[in-house]
Amino acid sequence: MRAKAAVWLGLCAAVVTATWIDPQVLDACPGYTATNVVTNTSALTADLVLAGTACNVFGNDIEKLALEVVYETETRIHVKITDASAARYEVPESVLPRPAPSPSVTADSAAIQFNYTTSPFTFSIYRTSTSEVLFSTASHPLIFEPQYLRVKTDLPANANIYGLGEHTDSFRLPTHNHTRTLWSRDAYGVPTGTNLYGNHPIYFEHRETGTHGVFLVSSNGMDVKINDTEAGNGTTLEYNVIGGVLDFYFLAGSETDPTEVARQYAQVVGTPAEVPYWSFGFHQCRFGYTDFVQVADVITNYSLANIPLETMWTDIDYMYKRRIFTTDPDYFPIPKMREIVDYLHSHDQHYVLMTDPAVAYAPGENYTAFDRGTEMNIWLMAPNGTSPHLGLVWPGVTVYPDWFNPDTQTYWTSEFASFYSPETGIDIDGAWIDMNEPSSFCNFPCDDPFAQAIEQSLPPNRTTLPPDPNTPIFVNSNSSLQKRQSLTDEQLLYPAYAIEDAAGGISNDTAHSDALHSNGMVEYDTHNLYGTMMSVTTRNAMLSRRPGLRTLVITRSTFAGAGAHVGKWLGDNFADWEHYRNSISGVLGMAGVYQVPIVGADICGYAQNTTETLCARWAMLGAFYPFMRDHNDDTSIPQEFYRWPTVAQAARNVIDIRYRLLDYIYTAMHQASVDGTPLVNPLWYKYPQDTATYGIDLQFLYGDSLLVAPVTEENSTTVDVYLPKDTFYDWYTLTEVQGQGQNVTLTNVNFTSIPLYVRGGSILPLRASSAMTTTALRETPFELLIAPGADGTASGSLYLDDGVSITPSTYTWINFSYNNSILTADGHIGYPSGSRLTRLRLLGASSSSGVPSIQSANGTSIANVTYDGPSKVLDVTLDMPLDQNFTIHLTP
Ligand SMILES: *[C@@H]1O[C@H](CO)[C@@H](O)[C@H](O)[C@H]1NC(C)=O
Ligand SMILES: *[C@@H]1O[C@H](CO)[C@@H](O)[C@H](O)[C@H]1NC(C)=O
Ligand SMILES: *[C@@H]1O[C@H](CO)[C@@H](O)[C@H](O)[C@H]1NC(C)=O
Ligand SMILES: *[C@@H]1O[C@H](CO)[C@@H](O)[C@H](O)[C@H]1NC(C)=O
Ligand SMILES: *[C@@H]1O[C@H](CO)[C@@H](O)[C@H](O)[C@H]1NC(C)=O
Ligand SMILES: *[C@@H]1O[C@H](CO)[C@@H](O)[C@H](O)[C@H]1NC(C)=O
Ligand SMILES: *[C@@H]1O[C@H](CO)[C@@H](O)[C@H](O)[C@H]1NC(C)=O
Ligand SMILES: *[C@@H]1O[C@H](CO)[C@@H](O)[C@H](O)[C@H]1NC(C)=O
Ligand SMILES: *[C@@H]1O[C@H](CO)[C@@H](O)[C@H](O)[C@H]1NC(C)=O
């Protein structure tokens, strides 16, 4: 979280000192000639030699490069271009392990092909089946200089490009004069058009002929420019990268199913980590709970308001002088914190605390987290390697853990073990990690962080008196050392090509780009990895506290692959309608493209004051974020859902829906963890031929069967919902709605409901009723909602396990299908859930031959069958064990 008006107002004033250079100058660079081309059935190597007089735009052109192309799978080509004579920085395998190529792949069998010309060297990727070119550098010479790499491809006009986040731009990126800058930044207010907290240099491009992906494995700062050509007949996409190598994965995707490319991307960066079942419950947080009494009161008040609260969170307020691994003895005394945790645990609820990376620089103050880290020598270092690099964060002047140091995991694990000890500390259930871009409040060049600390009054004083301590509560790997590039500190701080970092410079308000890691790497190269490395280290620390059990770690900064370890929230948004709207594209990016499915925005808005209607609408939208958390800052009005009657009612209504759908989304999450199938889908993933869906980012699919269409304008009770040509069913009335490939205008959408549709062809396993906790939810029986498509069939699945184990000893996976009036359940029955199936509802049921009846249900007696003519719903009450394969004839 970030706050303090003085800090962020200053940020708005930062000047973006980007570099502009005439594209014609770049296109006049000599490029390279390919020589010594060697090919075999699945690979190609070549030397690339500078093809003319160096253009030296941002440094000296490198004379000789090495090209390596490998067909790694039938759908993936790896293209790597490096300096032939000197090692350069590459994203370490320890941070992003690369997949092994399949042994038997040949170019002939691949779905995409690498094609090239030798003089000048250009390359293209085309689809084998159609020869359609997907990526081509043909008209744009490659530029490769020590601190500037350029690759530019021609694409079709108005190309449909998604990804290159983290951003709050439209989900389908603008193709006119658009720059996506990638450089982790503490981006208060998450402004559109700027670099934000995380970096995912992957894009998916969709055409009516198919969807493919391009992943540039680079953690260096970059501007990716997307533009229409002057003739208006094409789009160009241009990478401008300030270091590293060119390391591309081209993913063939598929000609028919856009979600294929998501799974192929998951094969490269890893499938997402599973989280405990309870993670899908509702979370409450805020910055500004001043003491333990307030925290306890919020827990009590949710219970009194009859709104399910699964997990309580506490921000940095709990710390002593804002120092991590401490509690304030007056405001958050350990015995009271332990009482809160015990209370939560005894009510099947959970607790999460924030941990920032920066550790207060406090020599001689008996601050053990600082003293132990200093003793172990695990801090990120100043360029001379002899003293720690200093920043300025909440506690004042700070040092930063160096996640590359082999001892840092030990340090972090042991701090977590002792501070979060179940026996003597605070027994948290999940971890929240923030400020890990890493953030610093120190304005570059930050010559005197101590003076800036005084100027900014850090750490801030408390503004309330401490409560009476006796106030009763609850009455109501890294072996190959990579060499630092031979760049001067000056070059590391001020590269000739300045990316459009909205902080004004790559070292402003963060650890400096010349800071040194223990393995010799510099922040210049690894900056974008800091948040993900903290994520992995924190997850390991949490796993070692409760071996064998899953954990929930929520981070702010991410890099490609972060989802394999942690979830993320979308940072410090504002409580306004624009941020409410663009949260959807944020979630679609993380869950739909970047493989970080456990994601959500701060519900009701983080900064500024929310309103009752915004908060009501947002509670309902947020119930369809995979990670649902209400959170705001310390200077805004309180916004717990129970504060307003409308919001409380909206929350009760929608948490009821979310919880009844919880096993549906848990099943989808399990599938995601197996193969990367997206948890949240843009409409075009399911309607790839419908061009009207390509730009839609105010509606989305939760899982792949539920269409969510929130009201998106202030004071409005109307929304235009685009329904593709398909069969849908209204969630509330269960009546069939035939989509016409047009907008349907819904009116009178009151402030306690959100439009929802079930896609025809789905079978949803629902809990028959909701509950106050997810533990209680697991005791409730199931019903099946059968929503046939136009062809009269439907299918769905259900995954069940113990909800907590990393590797459950048993599990159940049931596939449901409905065809020719027969419902079958068939799968692997392992986990003894003891669940009952108590209801079936068949939607769109024909009544041509009177009231339908049930022929058989494995001998189980049917208690009751009703048919509602107007809604065409056949409603069957029964009672049978769910833990079995079965067949039921629903014969009209
Ligand atoms: C491959 O490259 C060659 C040389 O530029 C070109 O003639 C050919 O058309 C390309 N093939 C495809 C399918 O693009
Ligand atoms: C492109 O965008 C930049 C920055 O947003 C703006 O200054 C410039 O005028 C735009 N150019 C065109 C041709 O639209
Ligand atoms: C897009 O093209 C226009 C016209 O050629 C140019 O002025 C502008 O700088 C380009 N923008 C980007 C982001 O490349
Ligand atoms: C676009 O138009 C320009 C100028 O007329 C032409 O040179 C170019 O080949 C066209 N490109 C495509 C992709 O049609
Ligand atoms: C630190 O702790 C030691 C031993 O407990 C004590 O002697 C010393 O006074 C403390 N120093 C400070 C600055 O609190
Ligand atoms: C190393 O650099 C830091 C930060 O610039 C400085 O404070 C320190 O004095 C330097 N140490 C040596 C031995 O030069
Ligand atoms: C914070 O408290 C300290 C000690 O009580 C006091 O010296 C300082 O002036 C206070 N700072 C602010 C900004 O109020
Ligand atoms: C650094 O950021 C601050 C805002 O945090 C801004 O005031 C300042 O201008 C920026 N410095 C540079 C060199 O851009
Ligand atoms: C939010 O409301 C509080 C209380 O009414 C007020 O003091 C504060 O100035 C408001 N904040 C903003 C950003 O409007």
Side-chain angles (χ1 to χ4, degrees), residues 15-24 31 33-34 37 39 44 46 69 77 107-108 110-140 153-156 167 169 173-181 191-195 209 212 223-232 235-236 238 240 250 252 361 363 377 379-392 397-400 440 442 444-451 488-490 492-493 498-502 507 511-516 522-523:
V15 185
V16 179
T17 51
T19 305
W20 190 85
I21 187 149
D22 190 338
Q24 287 176 353
T33 305
V37 181
T39 56
L44 175 155
V69 180
I77 301 179
D108 295 346
I112 48 174
Q113 300 294 320
F114 176 86
N115 196 11
Y116 66 101
T117 58
T118 52
S119 185
F121 167 73
T122 68
F123 75 93
S124 63
I125 301 289
Y126 68 87
R127 218 178 259 296
T128 315
S129 58
T130 56
S131 297
E132 182 177 6
V133 176
L134 307 178
F135 190 97
S136 166
T137 69
S139 355
H140 313 284
T153 174
D154 288 306
L155 300 174
H167 63 75
D169 305 347
L173 288 169
T175 51
H176 173 68
N177 192 27
H178 193 66
T179 302
R180 288 283 330 116
T181 298
T192 45
T194 68
N195 50 314
T209 51
H212 65 275
D223 290 337
V224 185
K225 300 193 171 191
I226 305 170
N227 215 347
D228 29 27
T229 57
E230 269 174 71
T235 304
T236 56
E238 177 188 58
N240 299 267
F250 293 94
Y361 177 78
N377 196 18
W379 309 129
L380 181 65
M381 299 305 267
N384 60 23
T386 58
S387 57
H389 173 70
L390 300 181
L392 185 61
V397 177
T398 62
V399 291
Y400 298 94
S440 171
C442 203
F444 189 74
C446 190
D447 292 326
D448 189 351
F450 297 93
T488 65
D489 291 344
E490 188 75 5
L492 291 172
L493 291 172
I499 58 169
E500 295 184 25
D501 180 6
S507 293
H512 293 183
S513 49
D514 62 355
L516 191 60
V522 279
E523 268 294 283

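Atoms within each ligand, like the ligands themselves, are counted from 1 in listed order.
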Would you sort out whether N240 and V224 count as a side-chain contact (heavy atoms from CB on, under 4.5 Å), showing the intermediate values?
CA-CA 6 Å; N240 299 267; V224 185; over 6 Å; no
Considering only protein heavy atoms, determine whether one is less than 4.0 Å from [atom].
| atom | answer |
| --- | --- |
| atom 5 (O) of ligand 2 | no |
| atom 2 (O) of ligand 6 | yes |
| atom 9 (O) of ligand 1 | no |
| atom 14 (O) of ligand 1 | yes |

Distance-only side-chain donor-acceptor flag, T122 / T137, under 3.5 Å
no
Indicate whether the side chain of S139 and that of D154 have a donor and an acceptor atom separated by less than 3.5 Å.
yes
Under a 4.0 angstrom heavy-atom cut-off, which atoms of ligand 1 come close to Y126?
12 (C), 13 (C), 14 (O)
Which of the ligand 1 atoms, numbered from 1, are nearer than 4.0 Å to a heavy atom of T117
5 (O)
Which atoms of ligand 6 are found less than 4.0 Å from any heavy atom of S387?
1 (C), 2 (O), 3 (C), 6 (C), 8 (C)
Note: ligand 6 atoms sitting under 4.0 Å from heavy atoms of T386 are 1 (C), 11 (N), 12 (C), 13 (C)
For Y126 and N115, what are the C-alpha separation, side-chain angles and deciding distance, and is it a side-chain contact (heavy atoms from CB on, under 4.5 Å)?
CA-CA 8 Å; Y126 68 87; N115 196 11; 3.8 Å; yes
Look at atom 11 (N) of ligand 1 and say which protein heavy atom is nearest, naming residue and atom and giving the distance to 0.1 Å.
N115 ND2, 2.8 Å
shortest atom 12 (C) of ligand 2-to-protein heavy-atom contact is with N177 ND2, 3.1 Å
Assess the pair H512 and F444: is the distance between their ring centroids shorter than 6.0 Å?
yes
Apply the test side-chain contact (heavy atoms from CB on, under 4.5 Å) to residues H212 and I112: give CA-CA distance (whole Å), side-chain angles for both, the deciding distance (0.1 Å), then the verdict.
CA-CA 10 Å; H212 65 275; I112 48 174; 6.0 Å; no
With N195, which of T179, D501, D223 fulfils side-chain hydrogen bond (donor to acceptor under 3.5 Å, both in side chains)?
D501
